[in-house]
Amino acid sequence: MAILVTGGLGYIGSHTVVELLNNGFEVVIVDDLSNSEKFILKNIEEVAGKKPVFYPFDLKRKELLTQVFEAHQIDGCINFAASKAVGESQIKPVDYYENNLFSLINILQEFKSREISNFIFSSSCTVYGQADQMPINENTPLKMPESVYGKTKQMGEEILIDFAKAYSRKISLLRYFNPIGAHPSAKLGELPIGIPNNLVPYVMQTAAGIREKLSIWGNDYPTEDGTAVRDYIYVVDLAKAHVAALKRLMNEQSDEAMIDIYNLGTGKGSSVLEVVKAFETANNVEVPYQICDRREGDITVAYANVDKAEKELGWKSETSLEEALRTVWEWQKYLDSRTV
Ligand code: NAD
Ligand code: WQD
């Protein structure tokens, strides 16, 4: 029994692979290293004390994917592999549609022809856009995202729902809010490839002196301190939700289609300024910042209602914002130690 984890050397994927190995699953990773590095594989082994199988190739290469399915008895897939930079997706729309959707379809073709079920998809709160009401639950109406990246997530969801219905398969669509943090071992985390777009990696690099100042995109939002509010979920908590979602799919004996959809967040919103302050307090460091104009396409506020995940998966986030931000700083120190 092996679980295919695509993008398993990526940020969320690597943490999830550790949790899967800790829970006794065999793991087969396919990752083309387009947004990761080989040392992450070694670190996964060190942290988990077990070795996943690893194939370094692009999922768009269907013939190679078929060989993986021929070599292993795959019982499920967690599909993390995707390109995820919102800004870049606007400049390279065709590449984003190709990478995010062709990869998905290639895996589904294998699932379809081999009668495999149990598919977990990395979706995003971006599918809700700026919701009219907070907190956001799974029945909150979806809005077609503005970004190409977001559209690939919404389209991915639609493709999977059609797949589950047509072939009576079991799928889980996990809508992450804002994942942050690193593994407590400080051996896994979000790799600083290029200039970070996301808040916490930018804060981390500013505190480390790699970036001069954090730009806070707007302090004129209708929120308590004027900065935008998000739901920051600790990556190890998020990884554990994948194991819970997978077990739920695997335990379902019925031959009917099963379509699970969960919001994965903490249920609590934090403003940009709150995150900066929490990082400073947690790590006793300073994060210089300047207030700038709003970033195009940003929403004001998003935080999750997580009751459904708690009830059906028996899962909830356990780690505070400050604790999560402490692991970010330990990860930065680890990265520094690698470069000296
Ligand atoms: P990541 O970039 O760290 O991980 C993705 C991994 O997939 C990388 O290691 C990359 O090398 C690999 N990959 C990409 N395209 C591939 C391909 N065609 N073939 C093989 N490997 C490929 O990203 P992440 O932050 O870990 O995100 C994982 C998933 O979660 C993505 O689908 C992303 O869209 C989704 N998501 C992320 C966030 C977030 O803020 N990080 C929020 C919501 C949803
Ligand atoms: C958080 C807040 C920024 C950087 C994006 C994607 C979304 C999802 C998660 C995958 C916002 C502010 C940020 C900076 C800042 N990804 N900020 N200065 O925008 O909620 O969502 O990542 O699915 O699809 O759109 O996350 O971390 O970029 O920003 O002030 O240098 O921090 O304006 O309010 P976001 P983020």
Side-chain angles (χ1 to χ4, degrees), residues 5-16 29-38 40-41 55-61 64-65 78-87 89 95-96 98-104 106-107 120-129 145-147 149-150 152-153 156 174-180 188-191 193 195-203 205-206 211 213-219 221 223 227-233 235 238-239 242 264-265 270-273 275-276 289-303:
V5 182
T6 73
L9 297 193
Y11 172 45
I12 307 167
S14 57
H15 290 84
T16 304
I29 296 174
V30 175
D31 195 308
D32 65 358
L33 296 165
S34 55
N35 202 33
S36 184
E37 292 183 33
K38 191 76 190 287
I40 295 292
L41 180 65
Y55 292 98
F57 68 83
D58 182 336
L59 288 155
K60 295 191 287 300
R61 298 191 59 190
L64 294 181
L65 188 61
I78 309 184
N79 183 32
F80 292 105
S83 306
K84 65 165 180 176
V86 174
S89 76
D95 296 339
Y96 267 66
E98 182 186 38
N99 198 47
N100 294 3
L101 299 178
F102 282 24
S103 301
L104 170 64
N106 284 346
I107 308 164
I120 296 185
F121 180 64
S122 296
S123 189
S124 165
C125 63
T126 192
V127 299
Y128 297 113
E146 279 182 31
S147 75
Y149 164 75
T152 68
K153 291 291 152 190
L174 303 183
R175 295 175 180 158
Y176 315 151
F177 279 64
N178 291 59
I180 59 160
L188 303 171
E190 192 162 6
L191 284 174
I193 299 175
I195 300 172
N197 299 303
N198 296 116
L199 176 63
V200 170
Y202 209 102
V203 166
Q205 293 196 357
T206 307
R211 312 275 159 211
K213 262 185 206 154
L214 167 74
S215 296
I216 295 187
W217 306 124
N219 70 346
Y221 283 103
T223 61
T227 64
V229 167
R230 300 286 187 277
D231 185 339
Y232 296 93
I233 167 87
V235 67
L238 184 62
H242 290 75
L264 299 177
S270 304
S271 73
V272 177
L273 274 173
V275 171
V276 172
Y289 66 83
Q290 59 187 353
I291 304 293
C292 300
D293 288 345
R294 292 180 180 192
R295 183 171 68 178
E296 205 188 315
D298 268 359
I299 55 169
T300 304
V301 51
Y303 56 91

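As a basis for the values below, the full set of heavy atoms in this structure was taken, side chains included, without hydrogen atoms, waters or symmetry mates. Numbering of ligands and ligand atoms starts at 1, following listing order.
- Residue Ser123 touches ligand 1 through its backbone alone, judged by heavy-atom distances below 4.0 Å.
- Atoms of ligand 1 found under 4.0 Å from any heavy atom of Ser34, numbered from 1 in the order shown, are 10 (C), 11 (O), 13 (N), 14 (C), 15 (N).
- Nearest protein heavy-atom neighbour of atom 4 (C) of ligand 2: Asn197 O, 3.4 Å.
- Some N or O of Lys84 is nearer than 3.5 Å to an N or O of ligand 1, by distance alone.
- Residues Pro196 and Arg211 meet the side-chain proximity criterion, which asks for heavy atoms closer than 4.5 Å.
- Contacts between Asp58 and ligand 1, counted as non-hydrogen atom pairs separated by less than 4.0 Å, involve both the backbone and the side chain.
- Closest protein heavy atom to atom 25 (O) of ligand 2: Val86 CG2, 3.4 Å.
- When only non-hydrogen protein atoms are considered, atom 19 (N) of ligand 1 lies nearest to Leu59 N, 3.0 Å.
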Practice item. Report the C-alpha separation of Asn35 and Leu191 in whole Å, then their side-chain angles, then the decisive distance to 0.1 Å, and conclude whether the side-chain contact (heavy atoms from CB on, under 4.5 Å) test is met. Key: CA-CA 8 Å; Asn35 202 33; Leu191 284 174; over 6 Å; no
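- Counting only non-hydrogen atoms, the option in Arg175, Arg230, Lys213 that gets closest to atom 20 (O) of ligand 2 is Arg230.
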Exercise for review: Kindly indicate, with the supporting measurements, whether the criterion side-chain contact (heavy atoms from CB on, under 4.5 Å) is fulfilled by Val276 and Leu214.
Suggested key: CA-CA 9 Å; Val276 172; Leu214 167 74; 3.6 Å; yes
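- Below 3.5 Å of separation, one finds no N or O of Tyr176 facing any N or O of ligand 1.
- Under the 3.5 Å distance criterion, the side-chain polar atoms of Ser36 are matched with a main-chain donor or acceptor of Leu9.
- The shortest distance between side-chain heavy atoms of Tyr11 and Val235 falls below 4.5 Å.
- Counting heavy atoms from C-beta outward, Arg61 and Asn106 have side chains that stay 4.5 Å or more apart.
- When only interatomic distances are considered, the shortest N/O to N/O separation between Tyr149 and ligand 1 falls below 3.5 Å.
- Inspection of the Lys60 and Asn99 side chains reveals an N or O donor paired with an N or O acceptor under 3.5 Å.
- A heavy-atom separation below 4.0 Å is not found between Asn178 and ligand 1.
- Of all the heavy atoms of Ser103, the ones lying under 4.0 Å from any atom of ligand 1 belong exclusively to the side chain.
- Contact annotation for Val272 and ligand 2: only side-chain heavy atoms (C-beta onward) come within less than 4.0 Å of the ligand.
- Nearest residue to atom 24 (O) of ligand 2 from Val229, Val301, Thr126, Thr300 is Thr126 (criterion: closest heavy atom).
- Using a non-hydrogen distance threshold of 4.0 Å, Ser83 does not register as a contact of ligand 1.
- In the vicinity of Leu33, heavy-atom distances shorter than 4.0 Å reach the ligand 1 atoms 11 (O).
- By the 3.5 Å distance cut-off applied to N or O atoms, Val30 is not counted among the residues near ligand 1.
- With a 4.0 Å cut-off on non-hydrogen atoms, Ser215 touches ligand 2 through its backbone and not its side chain.
- Residue Ser122 has at least one heavy-atom neighbour below 4.0 Å for each of these atoms of ligand 1: 29 (C), 30 (O), 32 (O), 35 (C).
- Only the side chain of Tyr232 comes within contact range of ligand 2, with a heavy atom under 4.0 Å; no backbone atom does.
- With a 4.0 Å cut-off on non-hydrogen atoms, Val200 does not touch ligand 2 at all.
- At a 3.5 angstrom cut-off on N or O pairs, Tyr202 does not count as close to ligand 2.
- At least one N or O atom of Leu199 sits closer than 3.5 Å to an N or O atom of ligand 2.
- Checked against the 6.0 Å centroid criterion, the rings of Phe80 and His15 do not qualify as a close aromatic pair.
- Shortest contact from atom 28 (O) of ligand 2 to any protein heavy atom: Arg295 NH2, 2.8 Å.
- No side-chain donor-acceptor contact under 3.5 Å links Thr300 to the backbone of Tyr221.
- Ligand 1 places these atoms under 4.0 Å from at least one heavy atom of Ser36: 9 (O), 11 (O).
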**Study point:** Audit row: Val275, Val200, side-chain contact (heavy atoms from CB on, under 4.5 Å) steps and yes/no
**Key:** CA-CA 8 Å; Val275 171; Val200 170; 4.1 Å; yes
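- For atom 5 (C) of ligand 2, the closest non-hydrogen atom on the protein side is Asn198 ND2, 3.8 Å.
- On a distance-only criterion, Asn79 and ligand 1 share no N/O pair closer than 3.5 Å.
- Scanning the protein for heavy atoms near atom 3 (C) of ligand 2, the closest one is Asp298 OD2, 3.4 Å.
- Residue-level proximity to ligand 2 for Tyr176 is absent, since no heavy atom of it falls below 4.0 angstrom.
- Closest to atom 10 (C) of ligand 2, if we only count protein heavy atoms, is Tyr149 OH, 2.9 Å.
- Counting atoms of ligand 1 from 1 in the listed order, those under 4.0 Å from a heavy atom of Phe57 are 19 (N), 20 (C).
- Using a 4.5 Å heavy-atom threshold, the side chains of Leu264 and Ile233 count as separate.
- The option from Asn35, Asp31, Asn197 that lies nearest to atom 9 (O) of ligand 1, judged by heavy atoms, is Asp31.
- Counting the atoms of ligand 1 from 1 in the order shown, those under 4.0 Å from a heavy atom of Gly7 are 6 (C), 7 (O), 12 (C).
- The number of heavy atoms from other shown groups lying within 6.0 Å of OH (Tyr289) does not exceed 12.
- Geometrically, ligand 1 and Gly10 share a nitrogen or oxygen pair separated by less than 3.5 Å.
- Within 6.0 Å of CD on Glu296 lie no more than 12 heavy atoms contributed by other residues, nucleotides or ligands.
- Any N or O atom pair closer than 3.5 Å counts here, and Ala81 shares no such pair with ligand 1.
- Of the protein's heavy atoms, Asn178 ND2, 4.0 Å lies nearest to atom 21 (O) of ligand 2.
- In terms of protein heavy-atom proximity, atom 31 (C) of ligand 1 is nearest to Phe80 O, 3.0 Å.
- The protein atom (non-hydrogen) at minimum distance from atom 7 (C) of ligand 2 is Ser124 OG, 4.2 Å.
- The single protein non-hydrogen atom nearest to atom 17 (C) of ligand 1 is Asp32 OD2, 3.5 Å, given as residue, atom name and distance.
- Closest protein heavy atom to atom 15 (N) of ligand 1: Asn99 ND2, 3.1 Å.
- At a heavy-atom distance under 4.0 Å, only side-chain atoms of Lys153, from C-beta outward, approach ligand 1.
- In the vicinity of Leu9, heavy-atom distances shorter than 4.0 Å reach the ligand 1 atoms 9 (O).
- The residue among Pro56, Pro179, Gly156 with a heavy atom at the shortest distance from atom 38 (C) of ligand 1 is Pro179.
- If you check which protein heavy atom lies closest to atom 3 (O) of ligand 1, you get Tyr11 N, 2.8 Å.
- Tyr149 and Ser83 are not linked by any side-chain donor-acceptor pair at a separation below 3.5 angstrom, with hydrogens and angles left out of the test.
- A donor-acceptor contact shorter than 3.5 Å is absent between the side chain of Ser271 and the backbone of Thr227.
- Distance alone, capped at 3.5 Å, is enough to place a donor-acceptor pair between the Tyr96 side chain and the Ala85 backbone.
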